[in-house]
Every structure is written in structure tokens, then in C-alpha cells.
Amino acid sequence: MSKFYLTTAIDYVNNRPHLGTAYEKVAADVIARYQRLCGVPTRFVMGNDEHSQNVYQRAQELGIEPLAFCDRMEAEFRDVWQRLDISFDDFIRTTQPRHREAVTRLVSRIAEAGDLYEGDYEGWYCVSCESFKPEKDLVDGRCPIHQREPEWLKEKNHFFRLSRYRKPLLDHYAANPHFLEPEIRRNEILRLLEAGVEDISMSRAGQLWGIPLPANPASVVYVWADALINYASAVGYGTDEELFERWWPADLHVIGKDITRFHCVVWPAMLMSAGVPLPRQVFGHGWVHWKGQKMSKSLGTAVDPLEAAERLGPDPLRLYLTREIAFGQDGDFTWDRFEERYNVDLANNLGNLVSRLASMARRYRQGRLVSPAAPPGPLAEAAAAAVADYRRAMDAFALHRGVAAAFDVVDRANEFITASEPWVLARDPERAADLDRCLYDVGEAVRIAALLLTPFMPGSCREVLRRVGETRDAGALQLDRDAVWAAPPGAERTVQAGDALWPRIEPGKPAPGGAAAPKRTDPATRLSPTLVRDSGAGRAARAAVPDEEQSVPTRERSAVTREGRESMSEDERPGRAAEAPPATEPAAAEAKPAPAPPEAGTARISFDEFMKVDLRVGRVVQAEAVPKSKKLLRLEIEADGVRQVIAGLARAYSPEALVGRHVVFVANLEPARLMGLESNGMVLAAVDANGEPVLLAVDDPARASAGARVR
RNA sequence: GCCGGCGUAGCUCAGUUGGUCAGAGCGAGCGGCUCAUAUCCGCUAGGUCCGGGGUUCAAGUCCCUGCGCCGGCACCA
């Protein structure tokens, strides 16, 4: 591969980036840096998704231009990414002219291919979701996610003929087994494709904030389609053919696992339609959860994950995110765990190793180590094995295993020191060569470990390399050439002493709240002063954003799950392409003629057959909502006894309203399980025009009481 | 309900395409060293890799099934 172009999802700018977002950027950055370490020309692009109605509305509330608001947020995002040492090569914003050009071009191509058609759509639209909501999804007329009243919109939309690409997509998946990873995600998409996909709406009418639809400038390109195209526009699609030829197709899209449908169904279909080559691979990563941390700004218990970077340094956070969480799976972040990993990996192992080496080098050899003629010790072999493991893991995006391999070298080195007992060798002049061998080898092992860890902890590793006498610029080092054991006789290295790289911290001290946390020196500062940017600008930018910025509806979306842990995933990413409507977009589905109502009595049954149905009057003695269910009620119905029946009445009837009522139900229906509950019967109801149930009433319950036969 | 995931040492979790995979870290216990950030090194956990079948010369690792959690989609029995 002659180049590597990778991207992350672009982010909505409603809120500041949080840990979940940061996780994605860090992981992608590690991959980008690894590619560079391998000597592959790499282009790493991130950016912001700005054409959201939320942005427009927020700007109006603030009395500023939307673009000014986006500028402000961009500064904030960039500040965060800088503080995490994210090495993106370009930062795209969907409001930029180059993006507008690209979107216009790509959508035009799709139209030219005959894949865009006009259709009417009307329905409830939740601005916070940026998507249409089927009536059935509303709770008390509100969006269940945002507790917000949707708007009734009727508009002419342009639909993308996604359905046409079902087969081509399936073929593509068959021909490219690694197009989507990890495998679980691939299987999900495959099933989805096999089940069939609907055309989806690609435009919004009457919007001011967005990119005009070429075919109908009164509309704008739907924000999700707009957002996806960023990957192409960032490398010059429609504006810089040379750049585009150089980098496209993308080699990897790093995205959250929930937006795989967009990136693995819609996006490739759009590209197919427009005649643009498909990206080579998509990786859907998992979520970072907060455990035991209920975020609440008002209670002052909110934790800004980026505070972690400020507290222990960006590199320890980067290490945590990539080492503790198997890439592709979900993981947890807790302060305790974070500090534990910091102490174990950095303070006790790597940091202490560097420290003990420096100390011995200075004490026994005035800091100057020379490789003796004797052959290298066992560390050489261990390092070679680790490098091999590392490469294998990194090439497969098994970031967590890649770091583990690097730390294996650290462990081996610590063990080696203990086994060699250099302090004993130092007392015996006859064994000077053994001591030289030992110290030089440890230095070499540290050098290689630091080299391998460079993608994960760039700033720290630069310093570690410097301390073990690496004089070349860290950015110039390459795996092939430099991750090999190099200790020829006579080779020299000067070990530099210095303060503890990562001072050990006492467990349990720093309170998650932050304010109470002991102030400690930022290790990154001592590691590399240039690494840590002055965050003053960032703070100013933050301060400029009104506080309610944090607690807008999007905040409430972070539903606390039953364990009280909070998902930091897409639920909390208010913006992003991720939040665009699902692939089986309701808008599209409903654009088609509604399915005909079920024909009544097409096939007739005999009287005997009918008589098999045991219809009874029953009295509801108890009723309650079925947890997690939108429509189901759990009823206890008295007839010939009391039985449990699960009925889909919740939308039309409250449990209280049912207790005491007499209903008609099928008594001899075979049991069924709904939502895990057994239902023994079926309550009869008529269905109104909206599909809502209307219970059948018993005219005179006194005469036809519970248990009475119905015929 | 459908689809998927998970269920591995006290705790938190790793375990690519089946064969040193029965592991790591933390915690606990014992011991060693002193170069080091009271750090490091070694030993100790007798884990039915959720239960039950099956495929295989060989299965945490594949198939079926049961149970328990979790997620998405469902939800008018």
C-alpha cells in the first residue's frame, strides 16, 4: 500500500467533545501514527459536522451567525484534540466551500445516475434527533428521546434509491470480507442487507442552513448525506483532482459501532451511484462507559473526561483508552482504574525502569554505556518476538494487543535486571564486560519499547528515547529499520538522567469531582514542554459558550441504564452523522403508499372452527405497564380464575383506567411470551383509524359477569 | 419474541484462523533483591473457561441446547 488515508467520524458541534468522542480520535490517531512509523505516507482527517438544525437554532438563540457559532466550536474542538496530541493532517468543516463543492458534485452525480427522485413526505420531525418520527414512536406526543414536541412537517423530499444497491452491496461484501470490521458488525450489516433496505430521504425542504440540493435549491441536502461526503471532500473531491487521485479511496474509516449502517450501507451505495471507488475498510469501535459515575452538572458530579488528560497527562489517558479497551469492544473508564493503570504501567514499570537504568548508568558508567564484544543477552530475542507480536496485532487493529506486546519488552527488561544483578557485577572489576552487556541491553530494550509505544504515547516516548540516548528525531524513526536490536560491539549510548517521568500517585486520592483532586505536576509538562499547549485559549473558548450549551436536550439523551452506568456512545453524541436517521428511515418507508389494511375475512372458516375459539368476559383485577415496553400492559384478568394476559393497550389506555373493567378476551389461546412475560389470552379490541385499540365493552356486566361465554 | 453480544481465577478483564490457552493486572499470602518513583523479581489462587449434549486425534476457541445478564429491533396472542 503506497499510502494510508484514514478518517474519523465528524462531530456535531452542539457540545464539547467528551470521552467517547475522544476515544475514537485517540484510537484513530494511534493507527495513523503507527502507519507513519511503518513509513507509509499517511493522511489523517477529522472534522466537524456543522449543518445541523440545532446549530442554526442555537446560533439564533445566541444572536450570532451560525457560522460564527461553528467557528467558536471549532476552536474548542481543536483545542481539545491538541491537548490529546491528536495528529490530524487536516480538519474539515462541512461549512467550508470545498465541502459544498464536493456535496454539490456528488449529489449531482447521484441524480444523473437516476438515483434521486421526488416524493412527498409528511410526518413528525424531531429537531433534536434530526429525523422523522413515526407516530408510534411518540410518547404523549413527544419524542421519547428528547422529551421534545416534534414538528409536523409536510414537504417534498428527494429520495435516494438505496434499494437499488442492495445486491451490489452484498456482492461487495462477499468480495471484500474485511470491508467492515470487527466481524460482529459485518454480520449485522449483512443481515440488514439480506432483509432489504428502503430508499431514504436525502433532502430537507425549506431549510436555510445547509447545502442547497442541486436539483432543487429550495431544499438542502439532508445533514447525514452532507456529513458522509466529508470524507471525499477532505481530499479534494470536486475541487482538487490531484489531491483526490493521490488519497482516494480512503483506506479506513474509524467510526462508532452504531453508525456502521450509514458508513457501510448508505455511504458505499452513494459512492457506487456516483461512480466513485469505495473506501477500503470501515472499523466500528465500541463505547467507553462510565461506571458508577452518574453525570449531573447540577449536582456537581459531572466529570469532564478531558480532565483526565490534564490530571495525569494526555499520554496516560491515551494509553488507558487503547490498552484497557479491546479495540472493537466496549470498555469502562473509571478514575480508580485509570490511576491503577498509570501506576502499574507507567510509574512502576516503564518509568521506574528508565529510572533504574539511568541511575545505574550514571553510578557505574558515568552515563556512558558501551556495547561489549560479547553477544547480546536474552533481551534481544525477547524484543524481536515482541516486535513481531506488535506488528501482527497493530496490522489487525488489535491496538490493545499491540501495546501489550510493547510492555512485554518492559517486563522482560525488569526481569532481566533482577536476574543479572548489575549491582553485584559492579563490585567485581573482572565482570565489567558483563555489566556493560547488561546495561547496554537494557537500554536497547527500553529504546525498542519506546519506539513501539510511540503511536500510543508520542510525547512521552520522545522523552524516553532521548533519555536512553536516541539522538535522532523521533519522527524520523521507522519500524523496519529501527525496531531491530542494535548493539554491535563498540556501540555507545549516553543515558540522560531526569525527574521521574510519571511520579507514582497514591490511590484513591483524586476525587472524580476534580476540584478536590490534589494538584500535581502534569507529567507531560515535564516530559515535553512543547507538547502541552497553553490551554488558555481553549478555556476562553469554552467560557464563551453559554453554560446551557451543556445541558440542552442532547444531554438528557444519555439515558442511564439500569446499572446506573452511562453510555458514552452515540446516545451522547448529539450530533454526528451517527444521529441521522437509521438506514431504514421512516421517512422513506412512509413515502410509499401505506400498506393496505388487512382484508377482512378473505378466507372463511366453518362454524365448528369458530366454536373452537373460547371467548369470555373477564374482569380486569390488576393492570400495570410492562417495563421497557411502549405498548404492552400486563393484566390480571378474572374469569374462570385469574390469569395473566399481556395486551398491547398501553398507548390508548392507562393501567388505572382498566382495573375493574369488563373486557372480552380469547380464553383458550395458546400461551405466548411477550417481553418475557407469559400471556394467557388475548383481549379483544377494535382498531381505530390510527391503529389504536378500542376496547370492546360489555353492555351489562351485571348479567354477563366475569367468565361468561361470548358467541 | 426476533437478531446479536456476554457469562474465563476474589475483583476487572485478555484470549487472531480449534492443538504449551488455562492467562494478565489488581487484591491477598509468603519469600528475594536493593539499581530504582516503598519501586522490581520469584512463589502461592488448586479457576467444572455458565450447565448439558455434539463434531474432532484435539474446543473457552466450532455446532445444538438450557439458564442468567446486556444491547438493537420488535411489542397489539
Side-chain angles (χ1 to χ4, degrees), chain A residues 136 182-185 187-188 191-192 195 257-258 261 286-287 291 323-326 329-332 334 336-337 340-341 343-364 389 392-393 395-398 400-401 404 407-408 410-411 413-426 435 438-439 442 499-505 507 523 561-563 565 567 569 582 584 626 628-633 645-653 665-666 668-685 687 691-693:
Chain A
K136 67 185 175 68
E183 197 180 356
I184 306 97
R185 303 275 93 82
N187 293 339
E188 282 176 4
R191 280 194 305 278
L192 187 136
K257 66 179 180 182
D258 61 323
R261 284 199 292 233
W287 308 141
K291 203 170 183 183
R323 172 162 205 182
E324 274 295 286
I325 304 171
Q329 296 182 35
D330 293 350
D332 288 327
T334 67
D336 285 349
R337 194 87 174 135
E340 178 187 309
R341 295 313 318 188
N343 274 340
V344 170
D345 290 330
L346 297 176
N348 295 352
N349 289 333
L350 214 205
N352 184 54
L353 175 64
V354 171
S355 176
R356 62 199 305 207
L357 171 66
S359 172
M360 288 189 286
R362 175 175 47 78
R363 182 185 296 216
Y364 305 138
D389 286 346
R392 200 161 31 243
D395 286 339
F397 304 127
H400 58 298
R401 286 195 281 147
F407 271 97
D408 213 43
V410 175
D411 289 342
N414 272 320
E415 291 166 17
F416 178 66
I417 291 175
T418 301
S420 308
E421 299 185 305
W423 48 91
V424 172
L425 300 177
L435 179 59
C438 172
L439 295 182
V442 170
D499 289 342
L501 263 22
W502 299 281
R504 189 180 162 83
I505 56 175
T561 61
R562 68 190 50 177
E563 283 80 38
R565 66 162 56 161
S567 168
S569 61
T584 51
V626 172
K628 284 182 64 179
S629 168
K630 289 182 191 137
K631 296 186 181 176
L632 298 181
L633 293 180
V645 174
I646 308 304
L649 303 171
R651 304 200 60 82
Y653 297 88
F665 74 103
V666 182
N668 63 341
L669 204 60
E670 63 181 13
R673 291 188 77 81
L674 279 93
M675 300 290 297
L677 297 171
E678 184 169 297
S679 182
N680 286 288
M682 172 169 148
V683 176
L684 298 189
V687 180
E692 300 295 315

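All values below were derived from every heavy atom in this structure, side-chain atoms included, with hydrogens, water molecules and symmetry-related copies excluded. Numbers restart at 1 for each chain; the letters A, B, ... are given by sequence-line order, proteins then strands.
- Between A/Val666 and A/Leu684 the shortest heavy-atom distance is CG2-CD2, 3.9 Å.
- When the P atom of B/C6 is taken as reference, atom NZ of A/Lys257 falls 11 Å away, rounded to whole Å.
- For B/A77, there is no paired base (Watson-Crick or G-U wobble, both distances below 3.5 Å).
- You'll find that the side chain of A/Leu632 is closest to B/C75, out of B/C75, B/A36, B/G42.
- Across all strands, A/Ala347 comes closer than 4.0 Å to base atoms (heavy-atom distances).
- Checking B/C41, B/U37, B/A36 against every side-chain atom of A/Glu415, the shortest atom distance belongs to B/C41.
- Judged by distance alone, the side chain of A/Ser420 and the main-chain N or O of A/Phe416 form a donor-acceptor pair under 3.5 Å.
- Note: CD1 (A/Ile646) to P (B/A74) measures 20 Å, nearest angstrom.
- At the phosphate of B/U12, neither OP1 nor OP2 sits under 4.0 Å from any side-chain N or O atom of A/Gln329.
- Checking the phosphate oxygens (OP1, OP2) of B/C40, a side-chain nitrogen or oxygen of A/Asn349 falls inside 4.0 Å.
- Here the closest heavy-atom approach between residue A/Leu353 and residue A/Ile417 is recorded as CD1-CD1, 3.6 Å.
- Mapping A/Met682 and A/Glu324 onto RNA chain B via the closest heavy atom, the residue that lands nearer the 5' end is A/Glu324.
- The C1' atoms of B/A9 and B/U48 are separated by 13 Å, rounded to the nearest whole Å.
- Look at B/C43: its Watson-Crick or wobble partner, with both distances under 3.5 angstrom, is B/G29.
- Base orientation of B/G18: anti, the glycosidic angle falling outside 90° of 0.
- For the P atoms, the distance linking B/C76 with B/G10 amounts to 44 Å, nearest Å.
- Residues A/Ala404 and A/Arg323 share a closest heavy-atom pair of CA-NH2, 4.3 Å.
- Atom P of nucleotide B/C40 and atom CG of A/Asn352 are separated by 6 Å, given to the nearest angstrom.
- The two atoms that bring A/Arg392 and A/Asp389 nearest to each other are NH2-OD1, 2.6 Å, heavy atoms only.
- Rounded to whole Å, the separation between the C1' atoms of B/G7 and B/G15 comes to 15 Å.
- Base pairing of B/A9 is not made with any nucleotide, judged by Watson-Crick or G-U wobble geometry with both donor-acceptor distances under 3.5 Å.
- A/His400 has a side-chain polar atom (N or O) that falls below the 4.0 Å cut-off from OP1 or OP2 of B/G15.
- Nucleotide B/A58 has no partner under the Watson-Crick or G-U criteria, as no pair reaches both atom distances under 3.5 Å.
- What you find for A/Val645 and A/Val683 is that their closest heavy atoms are CG1-CG2, 4.0 Å.
- Contact annotation for A/Val424: no contact, since no heavy-atom pair falls under 4.0 Å across all strands.
- Atom CD of A/Glu340 is separated from atom C1' of B/A24 by 11 Å (rounded to the nearest Å).
- Between the C1' atoms of B/G60 and B/C75, the separation comes to 35 Å (whole Å).
- Nucleotide B/C49: unpaired (no Watson-Crick or G-U wobble partner with both distances less than 3.5 Å).
- Regarding A/Ile325, its CD1 atom lies at a distance of 13 Å from the P atom of B/G15, rounded to whole Å.
- Listed nucleotides: B/U39, B/A77, B/C35. Nearest to the side chain of A/Met360: B/C35.
- For the P atom pair drawn from B/G72 and B/G25, the interatomic distance equals 35 Å after rounding to whole Å.
- Between B/U56 and B/C63, the two P atoms lie 16 Å apart (nearest whole Å).
- Distance A/Leu192 CG to B/G72 C1': 11 Å, rounded to the nearest Å.
- Mapping A/Val645 and A/Ala326 onto RNA chain B via the closest heavy atom, the residue that lands nearer the 5' end is A/Ala326.
- To the nearest whole angstrom, the two C1' atoms, one in B/A74 and one in B/U17, are 35 Å apart.
- Here the straight-line distance linking atom CG of A/Asp411 with atom CD of A/Glu415 works out to 6.0 Å at 0.5 Å rounding.
- The listed nucleotides are B/G42, B/C35, B/C26; the one nearest the side chain of A/Val344 is B/C26.
- Both distances falling under 3.5 Å, in either a Watson-Crick or a G-U wobble arrangement, occur for no nucleotide opposite B/A38.
- For the OP1/OP2 pair of B/G15 and a distance below 4.0 Å, the side-chain nitrogens and oxygens of A/Arg401 include no atom meeting the criterion.
- Side-chain N or O atoms of A/Asn352 include none that pairs as donor or acceptor with a backbone N or O of A/Ala347 at under 3.5 Å.
- The separation of B/G23 from B/A28, taken at their P atoms, amounts to 23 Å, rounded to a whole angstrom.
- Candidate nucleotides B/G25, B/C40, B/C35 were compared by shortest atom distance to the side chain of A/Ser359, and B/C35 ranks first.
- The phosphate of B/C26 (OP1 or OP2) has no side-chain N or O of A/Arg341 nearer than 4.0 angstrom.
- At a threshold of 4.0 angstrom between heavy atoms, the contacts of A/Arg337 include nucleobase atoms, whether or not backbone atoms are also involved.
- Using modelled atom types, no side-chain atom of A/Asn343 and backbone atom of A/Arg504 make a donor-acceptor pair closer than 3.5 Å.
- Distance A/Arg323 CZ to B/U12 P: 19 Å, rounded to the nearest Å.
- Under the Watson-Crick and G-U wobble criteria, each requiring two contacts below 3.5 Å, nucleotide B/C2 is paired to B/G72.
- Distance, A/Leu649 CG to B/C76 P: 11 Å, rounded to whole Å.
- Nearest to the side-chain atoms of A/Trp423 among the listed nucleotides B/C75, B/C13, B/C33 stands B/C33.
- Within the 4.0 angstrom heavy-atom criterion, only backbone atoms of the sugar-phosphate kind lie near A/Asn414; the bases stay farther away.
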